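The structure appears below as structure tokens.
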Amino acid sequence: MKLTRRLTLAAFAGALAMGTAMPAFAADLIAIITPAHDNPFFKAEAVGAEAKAKQLGYETLVMTHDDDANKQSEMIDTAIGRGAKAIILDNAGADASVAAVKKAKDAGIPSFLIDREINATGVAVAQIVSNNYQGAQLGAQEFVKLMGEKGNYVELVGKESDTNAGIRSQGYHDVIDDYPELKSVAKQSANWSQTEAYSKMETILQANPDIKGVISGNDTMAMGAIAALQAAGRKDVIVVGFDGSNDVRDSIKAGGIKATVLQPAYAQAQLAVEQADAYIKNKTTPKEEKQLMDCVLINADNSGNLETFALTN
């Protein structure tokens, strides 16, 4: 689905600076539903959304669906039953989530999606996502440079039901495939999981001991990969991630993972709450349902300025 609006980080920061003067009634509730918080990216979304909602005077109901569409549907039912004024949602699947979001709409509750889009328009009020293709190209360009434009490499892909996994992989390949001496020897899904990435990396490394690099669809899998590589004594293998987590920041500073791509999860979630607040109070909708935010390359040069999925200074 084509995303038609781009929010640069500068414009995005300006949008966040726009407050609303009227406080919400104390009984007004915003439901915040994300995947599990053991992934720091999703935790940052929930923390950012909750902080902004409370700042604006709302009560909050924070829930996690663990990427289970049935559980997500039950949580939408809970939000409806609790009389939520809006739902902030990082969904459990581009196709599987359409019915749940529509159910909320039919109950008179607007949904504001973050991070992941759904395969429908006109169901959610807003879909605010990172420009995953642009970000993946940034990461791939850095990967190519670090690899010296040659060598065998591995790709770890996210959950196949997640649109972002495919978009990032396409962005990677649209850059890397232009370099014939870069050879993909393995491409496997680790489902965004650090534990699964560790296991997959162990197996891949045994079959392909001559690999020179690993490019990962997110930071959690990159952390699993680097742990497996270090356990095998392979500190020579270049690893690049995607998300901009503090864990990867620390790994970059320690000379482990070489780069990642920042998508500002905390601020993205806060923007969704800002837009929900405007809708609740004035029925104001964003100019475009689909809104893109640009990503930023993080490497040794700027990793010191990264904190909780945001760049400082």
Side-chain angles (χ1 to χ4, degrees), residues 7 12 15-37 39-69 71-92 97-118 122-130 264-286 288-291 293 308-310:
L7 289 179
F12 175 71
L16 284 177
M18 295 172 61
T20 50
M22 294 178 61
F25 293 105
D28 286 353
L29 177 72
I30 289 181
I32 299 162
I33 307 172
T34 70
H37 293 177
N39 183 318
F41 182 87
F42 302 132
K43 182 177 180 179
E45 289 180 329
V47 171
E50 184 173 29
K52 177 57 67 175
K54 288 183 174 179
Q55 178 187 335
L56 293 169
Y58 293 91
E59 292 182 359
T60 58
L61 176 62
V62 179
M63 298 177 282
T64 60
H65 55 59
D66 303 325
D67 280 316
D68 181 330
K71 190 173 180 181
Q72 174 181 256
S73 183
E74 292 170 0
M75 290 175 176
I76 296 290
D77 287 338
T78 298
I80 293 169
R82 289 281 300 272
K85 300 294 184 182
I87 296 170
I88 309 299
L89 175 66
D90 190 338
N91 71 77
S97 299
V98 174
V101 176
K102 186 177 186 302
K103 177 168 57 176
K105 180 182 179 182
D106 291 344
I109 302 175
S111 294
F112 296 79
L113 274 54
I114 53 175
D115 180 41
R116 303 168 176 175
E117 61 184 302
I118 57 173
V123 182
V125 174
Q127 299 192 52
I128 306 169
V129 301
S130 298
Y266 187 92
Q268 184 181 85
Q270 292 207 320
L271 179 60
V273 175
E274 291 269 4
Q275 293 188 0
D277 179 60
Y279 184 90
I280 291 166
K281 291 173 179 170
N282 304 309
K283 295 298 181 186
T284 301
T285 58
E288 299 282 351
E289 176 184 333
K290 296 292 189 71
Q291 301 166 59
M293 292 171 49
T308 316
F309 300 97

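FYI, side chains are in, hydrogens and waters are out, and symmetry mates aren't considered; it's all heavy atoms of this structure. Nothing here was measured: the structure is a model prediction, and the numbers come from that model. Sequential numbering from 1 along the given sequence is applied to the chain's residues.
The heavy-atom pair separating Ile128 from Met293 by the smallest distance is CG2-SD, 4.0 Å.
Within the 3.5 Å criterion, the main-chain N or O of Ala265 finds no donor-acceptor partner in the side chain of Glu45. Side chain of Gln291 to main chain of Ala126: no donor-acceptor pair is present (N/O by atom type, distance under 3.5 Å, no hydrogens or angles). No donor-acceptor pair under 3.5 Å is formed between the side chain of Asp66 and the backbone N or O of Asp68.
Between the CD1 atom of Ile87 and the CD1 atom of Ile76 there is a distance of 4.0 Å, given to the nearest 0.5 Å. In this structure, CZ in Arg82 is found 13.0 Å from CE in Met75, a value given to the nearest 0.5 Å.
The pair Lys52-Asp277 does not meet the salt-bridge criterion, since no charged nitrogen lies less than 4.0 angstrom from a carboxylate oxygen.
Surrounding NZ of Lys102 are at most 12 heavy atoms belonging to other residues, nucleotides or ligands under 6.0 Å away.
At least one side-chain heavy atom of His65 sits less than 4.5 Å from a side-chain heavy atom of Pro35. The closest side-chain heavy-atom distance from Leu271 to Gln275 is below 4.5 Å. Put simply, the side chain of Val101 does not reach to within 4.5 Å of the side chain of Asn91, judged on heavy atoms. Taking the side chain as every heavy atom from C-beta outward, Thr64 and Thr34 approach each other to under 4.5 Å.
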